[in-house]
There are 2 protein chains.
Amino acid sequence: MRGVGRKRLPESVDGRPTVHTVAARAGVSIASASRVLNGVGGSPETIRKVRAAAAEVGYVPNAIARSLQSQRTGLVALAVEDIGNPVYVEMMRAIESVVAASGRQLLVHATGGQIANETALLRRLAHRYVDGMIISPIRVTDNHLAALVDSPVPVVVIGQLAADAPVDNVRTDSRTGVGLAVDHLVAAGRRRIGFVNGPLDTVPGAARDAGFRAALAGHGIALDERLVEVGDFRYAAGRAATERLLARAEPDALVCANDLIAVGALHALLAAGRRVPEDVAVVGMDDTELARMMFPQLSSVSLGSAERGRRAAELLLQRIADPALPPRREQVAPSLAVRASSAATPFVPAPAEPAPAPRTPEVTA
Amino acid sequence: MRGVGRKRLPESVDGRPTVHTVAARAGVSIASASRVLNGVGGSPETIRKVRAAAAEVGYVPNAIARSLQSQRTGLVALAVEDIGNPVYVEMMRAIESVVAASGRQLLVHATGGQIANETALLRRLAHRYVDGMIISPIRVTDNHLAALVDSPVPVVVIGQLAADAPVDNVRTDSRTGVGLAVDHLVAAGRRRIGFVNGPLDTVPGAARDAGFRAALAGHGIALDERLVEVGDFRYAAGRAATERLLARAEPDALVCANDLIAVGALHALLAAGRRVPEDVAVVGMDDTELARMMFPQLSSVSLGSAERGRRAAELLLQRIADPALPPRREQVAPSLAVRASSAATPFVPAPAEPAPAPRTPEVTA
DNA sequence: CTGTCTGCTGTAAACGTTTCCGGGAGTCTC
DNA sequence: GAGACTCCCGGAAACGTTTACAGCAGACAG
């Protein structure tokens with residue numbers, strides 16, 4: 001049977017069929033096979049043969065090879081610090097819907113807030129595994145920034161960035177956001193307002209600290225440093241920080257740097273026998289689903305996370321389409337949602353809110 | 001100046017330097033350049049020249065091309081239904097730590113529970129963008145299963161699967177898990193035990209429904225169908241379902257198919273003026289951080305999500321290392337954590353639990 | 001001085017696609 | 001009946017890496 005140069009069917013190194021396998025089996029060239037498989041061109045007869053051959057051998061295209069050729073993967077990445085933080089979940093949902101509408105897929109990566117991690121991610125993912133990425137860093141060093149600036153793939157940053165950084169950027173004004181909370185509490189007659197913050201060496205931590213001090217000053221209230229406490233941005237730290245604070249001071253209100261911290265604070269307060277909001281009012285930040293899930297429901301400053309996510313995704317898609325675009329910067333205004341945890345009236349279980357609350361600013365100052 | 005065949009520096013189509021660019025600039029062959037860049041071989045002089053050239057042009061390797069050659073990407077994907085569900089966050093954290101330890105990176109994808117979505121993901125990602133994937137489907141059709149079975153990359157499934165499915169699989173026994181909750185409630189004297197479940201056409205929904213019925217029967221308690229209600233697995237649906245249930249029946253306890261539903265139930269109960277646990281005891285499922293964040297803290301059946309994630313990741317890594325392994329199946333036992341929401345004594349704010357609670361089964365039946 | 005060995009180097013062939021290009025066959029128009 | 005036009009096909013060149021192989025120079029032993 002061995003006769004006229006009978007070549008074995010070419011197949012991938014791991015035994016999987018390639019386009020060569022299909023072409024050989026269908027008795028056409030790989031060019032024709034590829035065309036048929038991509039649904040572009042081919043005579044009816046060719047189409048039939050190639051389709052049949054592909055089905056018989058169970059052909060599935062190698063996405064990597066395709067990407068190498070086409071220079072795109074159809075994947076977009078989102079890098080955030082902590083997926084456990086509901087604010088990122090909301091952001092992610094918004095981004096996902098935009099990205100999916102463009103026919104791409106979203107991949108999420110949790111960095112744990114470590115710079116090294118984020119830079120490594122850039123080094124790996126950005127080097128062509130994805131068509132673009134959205135990144136929401138909480139710490140930004142010069143190194144980091146440099147890596148962002150000359151990333152090989154388009155990058156959009158959600159969060160504060162040096163004013164002249166040539167990177168697409170969607171930000172909010174959390175300084176002002178903290179101000180909204182303070183204004184609200186002062187208007188409700190609170191004067192010993194405490195603050196439970198995240199790390200000061202993070203961008204949001206620093207901004208919120210500054211906002212808190214500025215807001216108090218704006219009302220002519222002297223800041224009692226014993227009313228300020230710092231942890232990280234998670235629940236346990238928020239609870240611990242609040243316990244430390246309560247051990248040395250008597251606040252009549254607490255502003256918390258995010259909702260997870262606020263939940264921790266709420267628990268610390270209740271466990272210490274304080275009533276919320278009668279003894280101590282609590283205002284969180286980010287206005288996540290969690291705020292509505294607490295009892296009492298938490299007042300919270302919305303930083304428009306879904307909106308920021310949506311806009312960032314749009315910026316990214318535009319930049320992917322046209323990398324020559326000048327860097328753009330967008331801003332989303334904060335607003336305050338007042339709920340039971342800081343309401344003047346004693347707490348009564350509220351009726352169900354329209355749960356995933358679309359973007360209807362509730363009280364905007 | 002134009003003289004002896006002076007070729008322009010070869011570079012990527014989008015103007016970025018390639019290994020050719022570096023090689024030309026360093027005056028060596030691409031083979032030598034590649035070797036130096038990979039840190040294997042090269043004379044001191046060559047190394048110096050190549051390093052210099054690479055730095056000058058800002059060379060960064062194209063990961064796709066490298067993967068095409070090496071047949072691996074160093075990426076592992078996790079596909080879950082809903083990242084907003086904290087149970088998946090815990091799973092993800094466990095997986096991430098195993099995966100990262102192997103020098104790979106984890107990407108997360110939310111499928112929204114739609115089969116089409118998951119299949120599409122398999123079609124895209126699995127076709128070589130990742131070295132393997134862990135998938136936790138809540139619905140499984142034959143089609144779906146077929147796609148899993150002959151996935152081109154290793155797949156590990158977290159969740160129930162047909163017994164003979166030749167796919168690596170880590171499961172728990174949520175039927176038994178529901179039983180633990182019912183046993184506990186019955187032992188506490190509750191008799192009109194309700195059940196708020198997720199969709200019955202999902203694998204976990206069906207299993208939990210069966211478990212609930214079996215457990216009641218085991219105690220000789222007749223099931224009142226008015227005490228059973230169904231929504232989806234999220235907060236809002238849990239709350240709405242509980243409201244419907246309360247409108248027509250008077251449970252003295254509620255078993256909820258996961259913690260998000262339990263939170264919804266808790267709110268519906270409190271808003272309807274019921275006291276928890278005095279009037280109605282509540283037990284959730286998954287034992288997520290959320291359960292400890294509620295007031296009163298929620299009793300919850302742990303299904304070992306972190307443990308399942310960890311094991312799944314290990315299975316996956318083993319399979320990537322040796323694809324010829326026979327399909328394996330592992331099981332994680334459920335356990336019950338009793339907290340205030342179902343405690344016999346009236347609710348008192350508990351001291352802080354060791355927050356991320358490592359795997360210490362608290363009450364195991 | 002010859003032969004073997006060692007260490008670098010460059011050429012070229014992969015990896016699995018897509019796509020440009022030229023050629024051939026068929027149809028239509030004048 | 002010849003030219004223009006359309007359609008389909010196959011060969012071959014990309015895309016940017018890694019790597020097998022062979023050649024070549026120098027070091028060393030006999």
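In what follows, every chain begins at residue 1, and chains take the letters A, B, ... in the order their sequences are listed. Since the model is a prediction, treat every value here as computed from it, not as a measurement.
Of the residues in residues 43-52 of chain B, none has a non-hydrogen atom less than 4.0 angstrom from any atom of DNA chain D.
With sequence neighbours excluded, the residues forming a side chain to side chain contact (heavy atoms under 4.5 Å, CB included) with B/Pro61 are B/Tyr59, B/Arg66, listed by chain and number. Every residue two or more places apart in sequence or in another chain that forms a salt bridge (Lys or Arg N to Asp or Glu O under 4.0 Å) with B/Glu330 is listed here: B/Arg311. Residues forming a salt bridge (Lys or Arg N to Asp or Glu O under 4.0 Å) with A/Glu96 (at least two apart in sequence, or on another chain): none.
With contacts defined as side-chain heavy-atom distances shorter than 4.5 Å, the pair A/Asn169/A/Arg328 does not qualify.
Summarising the geometry, atom CD1 belonging to B/Ile134 is positioned 4.0 Å from atom CD1 belonging to B/Ile95; distances are rounded to the nearest 0.5 Å. Atom-to-atom distance recorded for A/Asn62:CG and A/Gln69:CD is 12.5 Å, nearest 0.5 angstrom.
At whole-Å resolution of the value, NE2 in A/His20 and P in C/dT18 are 11 Å apart. Straight-line distance from the CG atom of A/Asn62 to the P atom of C/dC15: 11 Å, rounded to whole Å. Taking atom CZ on B/Arg72 and atom C1' on D/dT17, their separation rounds to 15 Å, with Å as the unit. For the pair A/Arg16 CZ and C/dC15 C1', the computed distance is 16 Å after rounding to whole Å. Atoms CD1 (A/Ile64) and C1' (D/dG16) sit 13 Å apart, rounded to a whole Å.
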Are any protein N/O atoms closer than 3.5 Å to N/O atoms in nucleotides 18-28 of chain D? If there are, list each pair with its distance.
unit_1 : atom_1 : unit_2  : atom_2 : d
D/dT18 : OP1    : B/Asn38 : OD1    : 3.3
D/dT18 : OP1    : B/Asn38 : ND2    : 3.1
D/dT18 : OP1    : B/Arg66 : NH1    : 3.1
D/dT18 : OP2    : B/Ser34 : OG     : 2.6

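The end-to-end axis angle of the helix from C/dC1-D/dG30 to C/dC30-D/dG1, rounded to 10 degrees and based on five pairs per end, is 50°.
Nucleic acid contact class of B/Gly42 (heavy atoms, under 4.0 Å, all strands): sugar-phosphate only.
Listed pair A/Thr18 / C/dG16 fails the phosphate criterion, with no side-chain N or O lying under 4.0 Å from OP1 or OP2.
Distance alone, capped at 3.5 Å, places no donor-acceptor pair between the A/Arg310 side chain and the A/Ser97 backbone. When atom types are taken as modelled, the side chain of B/Arg72 and the backbone of B/Asp131 share no donor-acceptor pair closer than 3.5 angstrom. Without hydrogens or angle criteria, B/His109 side chain to A/Leu106 main chain gives a donor-acceptor distance under 3.5 Å.
For the residue pair A/Ser102/A/Arg104, the side-chain donor-acceptor check at 3.5 Å is satisfied. Side chains of B/Ser67 and A/Tyr129: a donor-acceptor N/O pair is present below 3.5 angstrom, by distance only.
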